[in-house]
Amino acid sequence: MIFEEGASRYTRRMTTPQVFPFRTGIGFDTHAFAAPDSGRKMMMACLEWPGEVGLEGHSDADVAAHACCDALLAAAGLGDLGTNFGTSRPEWSGASGEALMRETVRLVEEAGYKIVNVSVQIIGERPRIGKRRMEAQERMTEILGAPVNLAASTTDKLGFAGRSEGVAGIASALVQARP
């Protein structure tokens, strides 16, 4: 972003992000649980979790995939999840976390970067990630073409996540400029 001096104010003008050898990004996403009778599937870390109530959202509400995309877009200097796939983009309505991740990979590569790795933390009481953590990591790694570490935590019954009102995800990503 460059600030240009105008008559009496500064105006922002977006520019192409400067390419650095390595860049990091942080991403965040959160969604509320859908009504139990909504029929929404629980999608988390690009896997379906049978028997779990899904999350409300413009797309599939996969907070792990969304936080991952948000972190990668930030690392590459490409804005955030809402800018690229938000509610103002009806073509992404109902999109899967996998589709968003694949498009994010394309955008990151188009910007001149390769993904080095991503770490994702899911925060909530459910779904219980432990037994499927490796499966989820492998799935996300395959989609991104780079290592993904997935972890999960509760908030010890504190806040909206602790009251099982929703789930949050936070991620960090490292990208490297292509030669």
Side-chain angles (χ1 to χ4, degrees), residues 25-76 80-82 84-87 89 91-109 114-157 159-175:
I26 298 172
F28 177 79
D29 193 54
T30 187
H31 288 279
F33 281 103
D37 61 354
S38 69
R40 294 254 328 169
K41 295 178 183 176
M42 169 57 79
M43 298 301 296
M44 187 66 64
C46 299
L47 299 176
E48 183 177 343
W49 297 76
E52 291 284 346
V53 175
L55 300 166
E56 286 293 335
H58 173 60
S59 60
D60 68 354
D62 182 336
V63 299
H66 295 186
C68 176
C69 292
D70 208 30
L72 286 165
L73 292 165
D80 58 25
L81 194 70
N84 288 277
F85 307 109
T87 56
R89 306 277 311 270
E91 67 271 28
W92 293 105
S93 178
S96 68
E98 178 178 344
L100 296 176
M101 287 175 65
R102 290 193 187 280
E103 178 63 6
T104 297
V105 169
R106 188 190 72 73
L107 293 170
V108 167
E109 289 176 349
K114 73 173 191 166
I115 300 166
V116 177
N117 74 304
V118 177
S119 181
V120 182
Q121 179 82 31
I122 300 167
I123 305 160
E125 297 296 318
R126 59 184 216 270
R128 303 304 277 181
I129 303 299
K131 291 182 181 175
R132 296 187 72 192
R133 185 177 72 82
M134 292 304 294
E135 177 188 5
Q137 273 185 181
E138 289 169 4
R139 181 74 183 125
M140 293 178 77
T141 293
E142 182 236 319
I143 294 165
L144 291 183
V148 174
N149 182 66
L150 181 70
S153 183
T154 68
T155 60
D156 291 328
K157 307 289 184 193
F160 78 94
R163 292 187 300 271
S164 293
E165 294 171 8
V167 181
I170 189 165
S172 61
L174 177 65
V175 298

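Nothing fancy with the numbering, it's 1 onward along the sequence. What you see is a predicted model, and the numbers here were worked out from it, not measured in a lab.
- For L73 against L107, the heavy-atom pair with the smallest separation is CD2-CD1, 4.1 Å.
- When side chains are defined from C-beta on, C46 counts as touching D62, because their heavy atoms get closer than 4.5 Å.
- Inter-residue side-chain proximity for M101 and L144 is flagged as met; some heavy-atom pair is nearer than 4.5 Å.
- Side-chain contact between Q137 and I129: absent, with no pair of heavy atoms (C-beta onward) separated by less than 4.5 Å.
- Atom-to-atom distance recorded for M134:CE and L150:CG is 10.0 Å, nearest 0.5 angstrom.
- A donor-acceptor contact shorter than 3.5 Å is absent between the side chain of E56 and the backbone of A32.
- Salt bridge status for R102 with E98: present, with a side-chain N to carboxylate O gap under 4.0 Å.
- Contact check for F33 versus R126: side-chain heavy atoms found under the 4.5 Å cut-off.
- Of the possible donor and acceptor atoms, one in the side chain of T141 sits under 3.5 Å from a partner among the backbone N and O of V148.
- Using a 4.5 Å heavy-atom threshold, the side chains of R133 and N149 count as touching.
- Residues S59 and A95 share a closest heavy-atom pair of CB-O, 3.1 Å.
- The shortest distance between side-chain heavy atoms of D70 and D29 does not fall below 4.5 Å.
- Taking each heavy atom of M140 and V120 in turn, the nearest pair found is CE-CG2, 4.3 Å.
- When all heavy atoms are compared, the tightest approach of R40 to A61 is NH2-CB, 3.8 Å.
- Atom NE2 of H66 is separated from atom OG1 of T104 by 9.5 Å, given to the nearest 0.5 angstrom.
- For the atom pair C69 SG and F85 CZ, the distance stands at 6.0 Å (nearest 0.5 Å).
- We find the CG-CG distance between L174 and L72 to be 10.0 Å, quoted to the nearest 0.5 Å.
- When all heavy atoms of M43 and D60 are compared, the closest pair comes out as CB-OD2, 3.8 Å.
- The two residues A168 and F160 make their nearest non-hydrogen contact at CB-CZ, 4.1 Å.
- Atoms CG and CZ, from L47 and R132 in turn, are 4.5 Å apart once rounded to the nearest 0.5 Å.
- Between I122 and V167, the closest side-chain pair of non-hydrogen atoms falls below 4.5 Å.
- More than 12 heavy atoms of other shown residues, nucleotides or ligands fall within 6.0 angstrom of atom CZ in R89.
- Residues M44 and V63 meet the side-chain proximity criterion, which asks for heavy atoms closer than 4.5 Å.
- Remark: the backbone N or O of E125 is not paired with any side-chain donor or acceptor of S164 at under 3.5 angstrom.
- Rounded to the nearest 0.5 angstrom, T30 OG1 and I123 CD1 are separated by 8.5 Å.
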